[in-house]
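Every chain is numbered from 1, with letters handed out A, B, ... down the list of sequences.
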Number of protein chains: 2
Amino acid sequence: MKTLDLKESIGLLLKTSAKTWEKAAEMELSERFGLAGSKWKIIVALSLKEGITQKHIADMVFVEAPTLVPIIDRMEKEGYLTRQADPKDRRNNLIFMTQKSKKIVDPMIDCILEIRNMGLNKISKKDMEIAKKVLTQIVGNTEEFIRQKGENTDPDIWTDLQNKSQKTLVKL
Amino acid sequence: MKTLDLKESIGLLLKTSAKTWEKAAEMELSERFGLAGSKWKIIVALSLKEGITQKHIADMVFVEAPTLVPIIDRMEKEGYLTRQADPKDRRNNLIFMTQKSKKIVDPMIDCILEIRNMGLNKISKKDMEIAKKVLTQIVGNTEEFIRQKGENTDPDIWTDLQNKSQKTLVKL
DNA sequence: ATATAATCGTTAGTACACTAATCTTTATTA
DNA sequence: TAATAAAGATTAGTGTACTAACGATTATAT
């Protein structure tokens, strides 16, 4: 019976680093701003562009549209944002920030940058560039594979970001 | 109001690569072996060591013990494994593979290695080594941070693996 | 122009992961 | 030894994702 050499498992390493990173962000941002889960990401998304549709936010924070519905419901009740019907296209709900959320954008972004510095401590710029290149290539390879297998990758999100698309994405 | 430079977002990159990678593995392994989610990981775990406790498996596949209960239930019903009471310690359920699962271990591992090669296509050994070093450092930094914040990181899983602990982990 | 497609928000249903709490059994310790 | 703590499996409850399907609205196509 064959066996896997786990120290070569890039999948394990990817998962571990993504998960640990997210946990740190989660802890810090929910403690300091009371915004857990996707909430703070939604606010960051809106700080980049207000008055966008729920679908657009979903793309930016990397979840499907239905996932966002109850979250936006709650955030609206809590006074962080408002839904407004789009007069140009009545299918759309346009989402806007309230004063309450606008006030916390700056400290929140500071907080995010702190976390980023902490996570990247003791890593040289040069190595980091290489790591980013490698990860980008991995995403490219894997999306290519998924696409060939039929399953249409949703609008090739990462590549999209690289190309400075107007659809900016949010995730720490 | 401040703004985040998303192209510098290592968090986004980590999440994207981990997610895409996992999706590819998921597609391939569920299509070829009908084993979705954690199921194939459990079999890989058992191929490394049989007769281990559910807790041990949970650690290996990176989930909490309760998450595994219904999954092992189903896999037992489907004939992939069996629970056996530990005569030495009656708290433990020891998990064993059946013939059915033993038979698919080798092709499954081949499949995993294929995916790994696909994902790492066009990436040089040297760059990959650097990327791994960087990711490991990130995990280290972040776990350190989480630990300081109180929240005890569960037994420092990744470091554990590096140290060739007997607790081997499974994740592609 | 009218029929057909596609899109946004939503609901419903499912799956999965987590935490907290419970039961049983084993370890510790006073 | 008796009391207390700890550990494995489980249940219950919650949160969060996802897909599939629907209604309303807008775009496309014949």
* Asked: Should R90(B) be listed as having a side-chain N or O under 4.0 Å from OP1 or OP2 of dA27(C)?
  -> no
* Choose from dC8(C), dT25(C), dT10(C) the nucleotide whose nearest atom is closest to any side-chain atom of Q54(A). => dT10(C)
* Structure fact -> When rounded to whole Å, the CH2 to C1' distance for the pair W40(B) and dC16(C) reads 16 Å
* Separation of atom CD1 in I72(B) from atom P in dA17(C), rounded to whole Å -> 12 Å
* To do: Using whole Å, report how far CD of Q84(A) lies from C1' of dC8(C).
  => 17 Å
* Which nucleotide, in any strand shown, forms a Watson-Crick or G-U wobble pair with dA21(C), with both distances under 3.5 Å? -> dT10(D)
* To do: If dG9(C) has a Watson-Crick or G-U wobble mate with both distances under 3.5 Å, name it; if not, just say none.
  => dC22(D)
* Rounded to whole angstrom units, what separation is found between the CZ atom of R91(A) and the P atom of dG9(C)? -> 9 Å
* Atom-pair distance (CZ on F62(B); C1' on dC16(C)), nearest Å -> 17 Å
* **Hydrophobic cluster (4.5 angstrom, side-chain heavy atoms) - remaining members for L94(B)** => F96(B)
* Report whether I123(A) and M128(B) are members of the same hydrophobic cluster (ILVMFWY, side-chain heavy atoms less than 4.5 Å apart, transitive linking). => yes
* Verify the neighbour count for atom NZ of K100(A): are there more than 12 heavy atoms of other residues, nucleotides or ligands below 6.0 Å? => yes
* To do: Just do the side-chain contact (heavy atoms from CB on, under 4.5 Å) check on I104(A) and L35(A) with the steps written out, would you?
  => CA-CA 11 Å; I104(A) 59 178; L35(A) 293 168; 3.6 Å; yes
* Asked: Which pair of non-hydrogen atoms, one from A25(A) and one from W40(A), has the smallest distance, and what is that distance?
  -> CB-CZ2, 4.3 Å
* Asked: N141(B) pairs by side chain to side chain donor-acceptor pair (under 3.5 Å) with which of E144(B), E143(B), Q137(B)?
  -> Q137(B)
* 5' precedence on DNA chain D between D86(A) and R83(B) (nearest-nucleotide basis) -> R83(B)
* Structure fact -> Comparing N92(A) with D73(A), nearest DNA chain C nucleotide closer to 5' gives the residue N92(A)
* Structure fact -> The glycosidic conformation of dA5(C), counting syn as within 90° of 0 and anti otherwise, is syn
* Over how many whole Å does the gap from H56(A) atom NE2 to dT7(C) atom C1' extend? -> 15 Å
* Structure fact -> Comparing K88(B) with D89(A), nearest DNA chain C nucleotide closer to 5' gives the residue D89(A)
* Using whole Å, report how far CD of E64(A) lies from C1' of dT7(C). => 14 Å
* Structure fact -> 5'-most to 3'-most nt of DNA chain D touching chain B (<4.0 Å, heavy-atom partner on protein side) reads dA6(D) to dC18(D)
* What is the distance, rounded to the nearest whole Å, between atom CG of N93(A) and atom P of dT7(C)? -> 18 Å
* May I ask you to evaluate whether T67(B) reaches the phosphate of dC18(C), defined as a side-chain N or O under 4.0 Å from OP1 or OP2? => yes
* **Separation between CE of M108(B) and CD1 of I43(B), rounded to the nearest 0.5 Å** => 5.0 Å
